[in-house]
Amino acid sequence: MKSTLITGITGQDGSYLAEFLLKKGYKVYGLKRRTSTENNENIGHIQNQIELISGDLNDLPSLIEAIRISKPDEVYNLGAQSFVECSWSQPIYTTEITALGVTNILEAIRLVKPDTRFYQASSSEMFGKVLETPQKETTPFYPRSPYGVAKVYGHWISINYRESYNMFTSSGILFNHESPRRGLEFVTRKVTNTVAKIKLGLEDELRLGNLYAKRDWGFAGDYVEAMWLMLQQDQPDDYVIATGETHTVKELVEIAFEYVGLDWEKYVVTDPKFMRPAEVDILLGNPQKARKHLGWEPRVSFEELIKMMVDSDLAKFK
Ligand code: NAP
Ligand code: F7E
């Protein structure tokens with residue numbers, strides 16, 4: 001039985017990946033930081049099948065201990081301060097977890113079990129003020145937020161450990177991926193959650209920032225399979241994971257309101273509070289390499305994704 005350690009197991013991707021690896025027959029360990037109240041909403045349904053280890057990406061001894069306990073064949077480093085907007089209000093903290101945290105977990109692996117295969121959760125936010133469209137593995141990075149800068153560090157330190165120590169480290173440059181388990185502050189879930197509330201008479205407006213930003217949005221359940229595929233290859237490498245389609249925030253809003261039979265223009269209010277100091281205007285990924293080498297394809301379309309999320313939020317409030 002293969003053993004795996006997932007950092008960020010309580011998050012959106014961590015929970016889908018844990019489910020996926022359990023189905024593949026893995027023994028699944030998850031690193032979980034201490035919180036004052038329970039936040040096991042995403043993993044409650046599989047909690048008796050996984051083993052949680054207390055630790056923090058900012059605390060090297062706890063990571064060393066987690067590697068000792070789990071003796072992993074594969075580590076998936078999904079833990080991060082992942083909300084771009086928050087990275088301006090907490091830039092040092094974001095750097096400590098999202099950038100330096102990667103070195104901490106790589107060091108723990110190098111010291112305890114260097115033959116472990118390692119996945120780093122890199123991000124399309126590294127492309128930022130894009131230097132070419134669509135973006136692919138060779139597109140130069142131009143991050144636009146402290147989060148994006150931290151992810152560039154995490155990406156390069158993973159490559160550096162591959163080249164310095166011959167460790168098996170692969171990075172997935174994942175474009176935005178969403179699901180009913182997405183955090184409520186991210187725009188897709190903010191929209192679907194508020195649309196559900198408006199439909200049920202629990203809310204009367206939706207306040208948003210830039211409606212014209214474009215993103216390449218896919219379904220998180222599809223994307224975790226690509227993470228696993230990267231670690232099953234003969235050689236470590238880096239891959240763009242995306243749908244190859246881009247849509248504006250406005251299109252997302254239109255689909256969600258139309259699905260419940262409401263006119264979005266009656267409810268959406270533009271609020272400067274949600275505008276960013278530096279915006280990423282357009283992201284559009286080219287997933288050719290993943291298609292060719294991993295045989296990976298996204299399955300859920302943009303429209304299906306939004307409808308799935310609206311349905312889930314409606315069911316929750318009903
Ligand atoms: P998420 O839902 O925000 O989950 C982040 C996870 O990291 C949570 O489990 C969180 O734990 C954990 N975490 C935060 N600080 C930590 C710390 N100091 N020590 C240990 N764990 C910590 O993010 P996601 O959407 O699942 O994304 C997974 C990874 O992919 C992240 O690295 C993200 O930056 C990256 N990524 C995401 C996307 C996307 O579109 N979703 C795209 C590209 C890359 P708590 O539950 O305790 O907060
Ligand atoms: O914003 C615009 C906002 O916060 C998307 C993370 O998973 O994907 C995610 O980062 C767009 C931006 O995601 C609101 O300005 C308008 O242009 O949902 P988001 P993100 O910043 O793209 C990448 C790939 C990651 O790696 C990150 O971890 O939507 N927008 N109005 C808004 N965004 C939010 N959050 N809230 C608004 O009210």
Side-chain angles (χ1 to χ4, degrees), residues 6-17 30-35 37-43 53-59 62-63 66 76-87 93-94 96-98 100-102 104-105 119-128 143-145 147-148 150-151 154-155 171-179 181-191 194 206-220 223-224 227 241-242 247-250 252-253 268-283 285:
I6 301 173
T7 74
I9 195 160
T10 54
Q12 171 188 255
D13 292 7
S15 62
Y16 281 108
L17 181 65
L31 187 84
K32 188 177 173 331
R33 61 180 172 158
R34 192 254 162 195
T35 47
T37 50
E38 276 282 282
N39 67 340
N40 287 350
E41 198 180 324
N42 288 336
I43 52 169
I53 302 173
S54 176
D56 193 298
L57 283 166
N58 208 9
D59 187 88
S62 71
L63 300 178
Y76 295 85
N77 185 38
L78 309 184
Q81 189 304 91
S82 78
F83 187 37
V84 172
E85 200 178 302
C86 169
S87 76
Y93 175 72
T94 301
E96 279 170 358
I97 308 307
T98 306
L100 211 52
V102 188
N104 283 333
I105 184 83
Y119 172 85
Q120 169 57 16
S122 288
S123 164
S124 53
E125 279 294 300
M126 301 190 303
F127 297 123
R144 291 274 276 174
S145 62
Y147 168 82
K151 281 290 178 187
H155 188 77
S171 296
I173 306 174
L174 269 54
F175 283 61
N176 299 52
H177 46 281
E178 321 290 315
S179 73
R181 297 182 200 167
R182 188 56 143 154
L184 285 166
E185 70 272 58
F186 298 94
V187 76
T188 50
R189 185 76 198 289
K190 181 174 171 180
V191 168
T194 311
L206 168 57
R207 303 188 83 82
L208 291 172
N210 179 8
L211 294 183
Y212 298 95
K214 291 178 138 185
R215 290 292 183 275
D216 180 330
W217 276 294
F219 172 52
Y223 284 40
V224 297
M227 299 175 186
I241 300 298
H247 299 274
T248 58
V249 172
K250 185 164 165 270
L252 150 72
V253 166
V268 173
V269 178
T270 303
D271 187 337
K273 196 170 92 185
F274 298 108
M275 299 286 186
R276 294 177 179 183
E279 178 63 284
V280 170
D281 295 321
I282 174 168
L283 289 174

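Only heavy atoms go into these numbers, but all of them, side chains included; no hydrogens, no water, no symmetry mates. Both counts, for ligands and for their atoms, begin at 1 and track the order of listing.
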Anything under 3.5 Å between an N or O on ligand 2 and a protein N or O? List each pair with its distance, or write none.
residue, atom, partner, partner atom, Å
ligand 2, 4 (O), R276, NH2, 2.8
ligand 2, 7 (O), R182, NH1, 3.2
ligand 2, 7 (O), R182, NH2, 2.9
ligand 2, 8 (O), N176, ND2, 3.1
ligand 2, 15 (O), E279, OE2, 2.6
ligand 2, 17 (O), R215, NH2, 3.0
ligand 2, 17 (O), E279, OE1, 3.0
ligand 2, 17 (O), E279, OE2, 3.0
ligand 2, 18 (O), V187, N, 2.8
ligand 2, 21 (O), R276, NH1, 2.6
ligand 2, 22 (O), N176, ND2, 2.8
ligand 2, 22 (O), R215, NE, 2.9
ligand 2, 26 (O), S123, OG, 2.6
ligand 2, 26 (O), Y147, OH, 2.7
ligand 2, 28 (O), S82, O, 2.6
ligand 2, 28 (O), Y147, OH, 2.8
ligand 2, 31 (N), G209, N, 2.8
ligand 2, 35 (N), E185, O, 2.9
ligand 2, 35 (N), R276, NH2, 3.4
ligand 2, 38 (O), K190, NZ, 2.7

Next item on the list: Find all atoms of ligand 1 within a distance of less than 4.0 Å from any non-hydrogen atom belonging to N176, and give their numbers and elements.
Entry: 40 (O)
Margin query: Which residue and atom name correspond to the protein heavy atom nearest atom 11 (O) of ligand 1, and how close is it?
Written below: T10 OG1, 3.3 Å
Notebook entry, point to check: To which protein heavy atom is atom 20 (C) of ligand 1 closest, and what is the distance rounded to 0.1 Å?
Noted result: L57 N, 3.7 Å
Next item on the list: First locate atom CE of M227, then atom CD1 of I6, and finally report the distance between them rounded to the nearest 0.5 Å.
Entry: 9.5 Å
Next item on the list: Test side-chain hydrogen bond (donor to acceptor under 3.5 Å, both in side chains) on Q81 and T94 and set out the steps.
Entry: CA-CA 6 Å; Q81 189 304 91; T94 301; 3.1 Å; yes
Item checked: Under 4.0 Å to a heavy atom of Q12 - the qualifying atoms of ligand 1, by number -> 2 (O), 25 (O), 26 (O), 41 (N)
Check: Which residue owns the protein heavy atom closest to atom 38 (C) of ligand 1, what's the atom, and how far is it?
Finding: H177 CE1, 3.2 Å
Check: Nearest protein heavy atom to atom 6 (C) of ligand 1, by residue and atom, and its distance?
Finding: G8 CA, 3.5 Å
Check: What do you reckon, does S82 have a nitrogen or oxygen under 3.5 Å from a nitrogen or oxygen of ligand 1?
Finding: yes
Next item on the list: Give a yes/no on ligand 1: does N58 have at least one heavy atom closer than 4.0 angstrom to it?
Entry: no
Margin query: If I apply the N/O under 3.5 Å rule, does S124 come out as touching ligand 1?
Written below: no
Next item on the list: Answer yes or no: is there an ion pair linking E279 with R215, defined by an N-O contact shorter than 4.0 Å?
Entry: yes
Next item on the list: Examine S122 against ligand 1 and note whether any of their N/O atoms are separated by less than 3.5 Å.
Entry: no
Check: Taking only heavy atoms of Y147, which atoms of ligand 1 are found under 4.0 Å from at least one of them?
Finding: 33 (C), 34 (O), 35 (C), 36 (N), 44 (C)
Next item on the list: Please identify which atoms of ligand 1 are closer than 4.0 Å to at least one heavy atom of S123.
Entry: 43 (C), 44 (C)
Check: Which protein heavy atom lies closest to atom 26 (O) of ligand 1, and at what distance to 0.1 Å?
Finding: D13 N, 2.8 Å
Check: So F186 and F83, would you call those rings parallel, tilted or perpendicular, with 30° and 60° as cut-offs?
Finding: perpendicular
Item checked: Close-contact set for ligand 1 against G11 heavy atoms, below 4.0 Å -> 2 (O), 4 (O), 8 (C), 9 (O), 26 (O)
Next item on the list: Have a look at G14, A80, A242 and point out the one with the heavy atom closest to atom 13 (N) of ligand 1.
Entry: A80
Check: With a cut-off of 4.0 Å, which atoms of ligand 1 are near a heavy atom of A121?
Finding: 29 (C), 30 (O), 32 (O), 35 (C)
Note to self: Test of understanding: given a 4.0 Å heavy-atom threshold, classify the contact between R33 and ligand 1 as side chain, backbone, both, or neither.
What the structure shows: side chain
Next item on the list: Any atoms of ligand 1 less than 4.0 Å from a non-hydrogen atom of I97? List them with their elements.
Entry: 15 (N), 16 (C), 17 (C), 18 (N)
Item checked: Polar proximity ligand 1 side, Q81 side, N/O cut 3.5 Å exclusive -> no
Notebook entry, point to check: In the protein, which heavy atom is nearest to atom 43 (C) of ligand 1, and how far is it?
Noted result: L174 O, 3.1 Å
Item checked: Which segment of R182 sits under 4.0 Å of ligand 1 when only heavy atoms are counted -> side chain
Notebook entry, point to check: Which heavy atom of the protein is the closest neighbour of atom 18 (N) of ligand 1, given with residue, atom name and distance?
Noted result: D56 OD1, 2.9 Å
Checklist line | Residue part near ligand 1, for K32, under 4.0 Å between non-hydrogen atoms | finding: neither
Notebook entry, point to check: Can you check whether L31 has an N/O within less than 3.5 Å of an N/O in ligand 1?
Noted result: no
Notebook entry, point to check: Quick one: nearest non-hydrogen protein atom to atom 31 (C) of ligand 1, plus distance?
Noted result: L78 O, 3.0 Å
